[in-house]
Amino acid sequence: MTDWWRNAVIYQVYPRSFADGNGDGAGDLPGVTERLPYLADLGVDAIWLSPFYRSPMVDGGYDVADYRDVDPVFGTLDDFDAMAKKARDLGIRVIVDLVPNHCSDQHPWFTRALSAENGSPERDRFWFRPGRGPGGTEPPNDWRSIFGGPAWTRVEDGSWYLHLFAPEQPDLNWTNPEIHAEFLDILKFWMERGVDGFRVDVAHGMVKAEGLPDADYGDGEMNMFSHLKVPYFDQDGVHDIYRTWRPLLDSYGAMAVAEAWVSSAERLARYVGPDQLNQAFSFDFMLADFDAAQYRKIIESTLAEADVVGAPATWVLSNHDKPRHVTRYGDDGLRKARAAILLMLALPGSAYLYNGEELGLDDVTDLADEFKVDPAYRRTGESRDGCRVALPWSLPLTPPQPARWEKLTADAQDADPASTLNLYRRALRARRTHMADAPEIEWLQAPAGVLAFRRGETTVVVNTGSRPVPLGVYGGRVVLSSDDRPDPAQLPPGTAAWLTRL
Ligand code: GLC
């Protein structure tokens with residue numbers, strides 16, 4: 001069965017935040033192993049692990065110094081193998097993060113490039129260029145780093161190197177065949193260890209426009225994940241790379257999911273298909289407000305584009321880069337988040353959960369400076385650390401976990417049928433029962449602010465408006481509700497329900 005991912009529910013583990021196995025206060029791979037039964041009980045099909053590779057951790061491990069080893073902070077390769085084995089035994093597949101756009105400045109390739117000369121094979125693995133202006137003191141072009149400041153840093157001999165992210169994350173030169181060969185080998189390394197797939201970091205970034213032309217931003221804001229058209233993102237050439245990966249992935253029965261921040265569902269669909277990657281996150285869905293009209297538009301365009309290329313849609317509400325959706329939704333965020341998960345899990349395709357969302361966690365927005373380690377923080381004042389605080393498994397909490405999480409520990413929620421954790425467990429079970437083989441979406445008439453659709457025998461109603469919605473018109477009985485005490489006759493504002501005619 002190679003198509004397991006088509007409607008899989010995949011749980012993102014941010015290793016530092018998920019679970020601490022050795023008691024040093026930071027999450028690690030033994031911690032993941034220990035909590036696998038919890039994830040099996042939650043009902044997920046797979047886990048995606050954010051980077052656990054050797055890294056100076058300038059960008060939470062997205063600055064990789066050795067793609068084939070585990071950072072001591074997280075454990076060892078043996079710990080990885082033990083984790084993967086236990087996951088397999090529990091029927092959970094394992095996806096790892098692949099970071100091909102850039103490596104760490106501590107990667108031997110980059111340290112060697114620094115001590116080599118311009119024009120050398122060592123430097124050709126990166127983007128070294130002379131500067132502009134008198135004495136070459138200006139960067140080679142106007143590109144800006146996603147984390148703030150110019151995307152170029154000057155080295156001792158006066159030349160500059162490109163880094164779309166932090167200066168400690170030099171961009172790799174994908175016009176160099178050696179880079180291609182290396183990444184095919186890295187894919188193989190992890191597939192040989194039994195991984196079932198890859199999440200491809202900055203999948204839209206590896207190819208830069210010929211001649212590295214200026215971006216000419218104008219007034220356009222270049223923020224963390226802007227949809228601006230720029231000469232270093234979403235270049236057509238990236239698809240040639242995936243054309244070489246796909247046969248290799250297929251030969252191991254592995255899949256890959258693209259993190260691609262692009263301008264439309266049409267552009268996103270280019271990352272998936274029979275000779276591309278298997279999935280691409282719908283970030284439009286992730287960033288949408290709790291609003292029926294927005295959801296409907298995004299769901300329709302995402303499904304239509306996915307259909308054209310024969311790939312499944314890939315839904316997500318939160319990840320390690322954006323404020324958690326409980327916080328994003330504003331007032332009554334948790335109530336809305338509980339409704340949103342019932343929407344997401346009812347959609348055709350695959351769904352990703354971000355660790356801690358099953359506990360209803362919100363962002364820690366008032367994090368003390370000492371806990372802010374995001375490289376973007378120093379340069380832009382914006383930090384992603386608020387969604388990366390360690391999960392509260394049990395009491396006592398430890399800083400920077402906020403006191404309001406005391407009621408949200410996994411321990412506290414486990415036995416409470418009304419808890420968000422138990423809602424997620426019920427929803428994942430109901431998805432298997434009612435949605436596994438369900439047909440596509442058939443939209444139903446609904447008042448403004450309400451989303452209603454049918455998939456076979458199951459009807460899904462989401463009320464994002466401000467008035468209760470009578471359920472009688474939809475027929476059937478409520479089998480799943482985001483409300484603690486569901487009223488069979490009506491759906492209150494900020495809630496969702498599944499009804500079945502069976
Ligand atoms: C991706 C990751 C993000 C990281 C960036 C640079 O967007 O999700 O966390 O900072 O790539 O690797």
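We count ligands from 1, going down the list as the structure has it; atoms in each ligand are counted the same way. Worth knowing before you read on, the calculation uses all heavy atoms, side chains too, and leaves out hydrogens, waters and symmetry mates. When a residue number appears, it is its place in the shown sequence, counting from 1.
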Which atoms from ligand 1 have a heavy atom of [X] less than 4.0 Å away?
X	result
His102	6 (C), 12 (O)
Asp59	4 (C), 5 (C), 6 (C), 10 (O), 12 (O)
Asp201	1 (C), 2 (C), 6 (C), 7 (O), 8 (O), 11 (O), 12 (O)
Phe147	10 (O)
Arg384	3 (C), 4 (C), 9 (O), 10 (O)
His320	2 (C), 3 (C), 8 (O), 9 (O)
Arg388	9 (O)

Would the His239 and Tyr271 ring centres measure less than 6.0 Å apart?
yes
With ring centroids as reference points, do Phe52 and Trp190 lie under 6.0 angstrom apart?
yes
Does His204 come within less than 4.0 Å of ligand 1, judged by its heavy atoms?
no
N/O of Trp261 under 3.5 Å from N/O of ligand 1, yes or no?
no
Quick one: does ligand 1 sit under 4.0 Å from the side chain of Arg199, the backbone, both or neither, non-hydrogen atoms only?
side chain
Got a sec, which pairs hit side chain to side chain donor-acceptor pair (under 3.5 Å) with one end in residues 18-31, sequence neighbours left out?
none
With a cut-off of 3.5 Å and sequence neighbours excluded, list every side-chain donor-acceptor pair involving residues 340-353.
residue	atom	partner	partner atom	Å
Ser350	OG	Ala8	O	2.9
Ser350	OG	Gln279	NE2	3.2
Tyr352	OH	Gln279	OE1	2.6

Just say parallel, tilted or perpendicular for the rings of His107 and Trp109, cut-offs at 30° and 60°.
tilted
Could you tell me how the ring of Phe285 sits relative to the ring of Trp315: parallel (under 30°), tilted (30 to 60°) or perpendicular (over 60°)?
perpendicular
Only one of Tyr14, Phe281, Phe198 clears ring pair (Phe, Tyr, Trp, His ring centres under 6.0 Å) with Trp48; which?
Phe281
